[in-house]
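One structure below.
The chains referred to below are lettered A, B, ... by the order of the sequence lines, with proteins before strands, and numbering in each begins at 1.
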Amino acid sequence: MPELAGYRRPFWGTQPEYLHSTYVSTRIRSPSRPLVLIPQTLSELTGPVFGQDGIGRNDDDLTRQHDGAPLGERMIVHGRVLDENARPVARTLVELWQANAAGRYHHQRDQHDAPLDPNFSGCGRMLTDEAGRYRFVTVKPGAYPWRNHHNAWRPAHLHFSLFGPAFMTRLVTQMYFPGDPLLPYDPIFNCTADEKARNRLISQFDWEVTMPEHALGYRFDIVLHGRNATPMES
Amino acid sequence: MSLQATTSQTVGPYLHLGLSWLNTDEIAPPGMAGRRVRISGRIIDGEGALVPDAMLEIWQADHRGRFAHPEDARAGEVEPGFRGFGRVPTDAEGAFRFQTIKPGRVPGPGGGWQAPHLLVSIFARGLLKHLVSRLYFPDEPDNASDPILALVDPERRDTLIARAAGDELLEWDIVLQGPRETVFFEF
Ligand SMILES: [Fe+2]
C-alpha cells in the first residue's frame, strides 16, 4: 500500500472534552480513562460514500414535506463545507434535524408542552455540490426547556451531521443564531474552551440570501478535519 | 489558508429524528460472501444504567479486507453491493443488534496487517463528541499481532474482543465509564 496522508489532530481547546460537568449527563456518560492514541490506518482513512439513494425531492426543503406550510419564521440556511485546508468537501452527506417553531421535536420522547405542527417533521438531508455548498429551506426553531438545571432552556439551534471523505472526518454539531440571549446560559454551547471556536457555531444573518417577502437567510460554514500535507510516518 | 475544524456538539436526545433513515440491522446484506455473524450487546453508563437513546455507526471492510472507498487502492475489487456501513440504534433496554460478515484482515501501518475488526462510533445525549472503539473477533489468531491491540493495556484488551455466545452469535457490551470501561480511541 502507498503511504496515505493522515488527518490533523484538533487544535487545543477547539473541541469539547467528554466531561463537562455543567452538562449533567456527561458525568455518567464520559469515559474516565484517557483515550488510547492510535495511528490512522486504512480503516480510519476510509469511510462510507453516499449518493442520492434515499434522498427525496423535498428533503432539502422542510417547508414542503406536508400538505400545508409549517408555522413559524421561514428561513434559508446555507453555507459551505470545507476542510481545514479551505478546500471544498464536494458531494458529502449533510443531515439536519430540529424542533419546530414552538420548540417541540416531532419525536415521541419530547414531552415539552408546546404544540406539534402537523406540517413540520423537522428533518432534512442533501449532498453538497461540487463547491461544497449546501442549502436548506426550513423554519426557525424555537427555544425549548430541558431538565439539566433549574430553568434550563436550550437556545434555538439546528442539529447537523456530516461525513466528509473518511471515518476520521465525521462531525455532528449544532448551529445557533446570532444575538440569542440564551447562549451564555447554555452548557452545551459553552462546552468548548476556545471562545472563537465556540462562536463559530453561531450562524450569520445573510441579507443577500434573504428572499424578499419570503424567508430570512442565515449562513453557516462547516469545517471538517483536513489532511496533513505529507504522508504520515508509520 | 488554514481553518480549524468546527466544534463537535452532542446529538442530543432526539437524534433518531434526523438520523434513523440510515438505520439497518444488516451491515452486509444477505448473500454477501464471508462468514455471517450476529452481534448484540448493550451500552452501559457509569452508574450501570442501560443507555436507551444511543446510536452506533459501524464501518468495516468486506470478507477479503477491502474497503468500499476510493482511498483503498483495491477498492475496485470490493464485492459488488458491499458498502460496509450501518447505523444501529439502542432500544428501550439499551440493547443493540445487527448482522454482518466477518471482514478480512486489512493493511496496517508500516506494511503490516490488522486483525479483522469493525470500527464503531457511539453517539448519544451526554456525549459532546462521538466515541470511537473497535470490535475484534474471538478465537482470531491475528489478534495477537494486531498493531492497534498492541497499543492497548493488556488488562483492558478484552473490552475490545467480542464473546462467542452460540451459533455465529457474538456479544459485545460497551461500557462508557467505570472499572470495566471499554477502550476508546483517538487518532
Ligand atoms: Fe436539540
Identify which part of A:Thr46 has an atom lying under 4.5 Å from any heavy atom of chain B, answering side chain, backbone, both or neither. both
Could you look at A:Phe167 and say if it's the side chain, the backbone, both or neither that has a heavy atom under 4.5 Å from chain B? side chain
Portion of B:Ala68 that has a non-hydrogen atom of chain A nearer than 4.5 angstrom: backbone
Under a 4.5 Å heavy-atom cut-off, does chain A meet the side chain of B:Val106, its backbone, both or neither? side chain
So for A:Asn199, is it side chain, backbone, both, or neither that comes closer than 4.5 Å to the heavy atoms of chain B? neither
Charged N to carboxylate O under 4.0 angstrom, B:Glu155 versus A:Arg33? no
Kindly state whether the ring of B:Phe85 and the ring of A:Phe163 have centres lying under 6.0 angstrom apart. yes
Taking the side chain as everything from C-beta on, heavy atoms only, tell me whether B:Ser2 gets closer than 4.5 Å to A:Arg8. yes
Please find the pair of heavy atoms, one from A:Leu37 and one from B:Leu151, that lie closest to each other, and give the distance. O-CD1, 4.1 Å
Could you tell me which portion of A:His106 (side chain, backbone, both or neither) has an atom closer than 4.5 angstrom to a non-hydrogen atom of chain B? both
Chain A: which of B:Gly126, B:Gly18, B:Gly178, B:Pro13 shares the most heavy-atom pairs with it under 4.5 Å? B:Gly126
Note: vs chain B, highest number of non-hydrogen pairs under 4.5 angstrom among A:Asp110, A:Leu171, A:Val24, A:Asp83 is A:Asp110
Side chain / backbone / both / neither for B:Leu19 at chain A, heavy atoms under 4.5 Å: both
Are any non-hydrogen side-chain atoms of B:Phe123 and A:Arg170 less than 4.5 angstrom apart? yes
Specify which of B:Leu22, B:Asp53, B:Val152 makes the most heavy-atom pairs with chain A at under 4.5 Å. B:Asp53
Checking A:His225 against chain B: side chain, backbone, both or neither under 4.5 Å from a heavy atom? both
Applying a strict 4.5 Å limit to non-hydrogen atoms, the region of B:Gln114 in contact with chain A is side chain
Which region of B:Gln4, side chain (C-beta onward) or backbone (N, CA, C, O), has a non-hydrogen atom less than 4.5 Å from a non-hydrogen atom of chain A, or is it both or neither? both
Identify which of B:Asp45, B:Asp153, B:Leu17 forms the greatest number of heavy-atom pairs closer than 4.5 Å to chain A. B:Leu17
Between B:Pro147 and chain A, which part of the residue has a heavy atom less than 4.5 Å away: side chain, backbone, both or neither? neither
Go through the atoms of A:Leu201 and report whether side chain, backbone, both or neither lie under 4.5 Å from a heavy atom of chain B. side chain
Does any part of the side chain of A:Thr41, heavy atoms only, come nearer than 4.5 Å to the side chain of B:Pro107, both counted from C-beta? no
Under 4.5 Å to a heavy atom of chain A? For B:Val51 that would be both
A:Tyr176 side chain to B:Gln9 side chain, donor-acceptor N/O pair below 3.5 angstrom: yes
Counting only non-hydrogen atoms closer than 4.5 Å, does B:Pro179 touch chain A with its backbone (N, CA, C, O), its side chain (CB onward), both, or neither? backbone
Does any heavy atom of chain B fall under 4.5 Å from the side chain of A:Pro31, the backbone, both, or neither of them? both
Which of B:Arg156, B:Arg134, B:His16 touches chain A most, by non-hydrogen pairs under 4.5 Å: B:Arg156
A:Leu162 versus chain B, the contacting section by heavy-atom distance below 4.5 Å: neither
Considering only heavy atoms, which portion of A:Thr169 lies under 4.5 Å from any heavy atom of chain B: side chain, backbone, both, or neither? neither
Which answer fits A:Gln98, side chain, backbone, both or neither, if we ask what part of it has an atom under 4.5 Å from a heavy atom of chain B? backbone
Let me know if A:Glu95 has heavy atoms under 4.5 Å from chain B in its side chain, its backbone, both or neither. side chain
What part of B:Phe187 gets within 4.5 angstrom of chain A, counting heavy atoms only: side chain, backbone, both, or neither? both
Bottom line for A:Leu93: the part with an atom under 4.5 Å from chain B's heavy atoms is side chain
Part of A:Arg200 lying under 4.5 Å from any heavy atom of chain B: side chain
With only heavy atoms counted, which part of B:Ile43 is less than 4.5 Å from chain A, the side chain, the backbone, both or neither? neither
Given a strict heavy-atom distance threshold of 4.5 Å, which part of A:Ser43 is in contact with chain B: side chain, backbone, both, or neither? both
Heavy-atom proximity to chain A below 4.5 Å, by part of B:Arg83: side chain
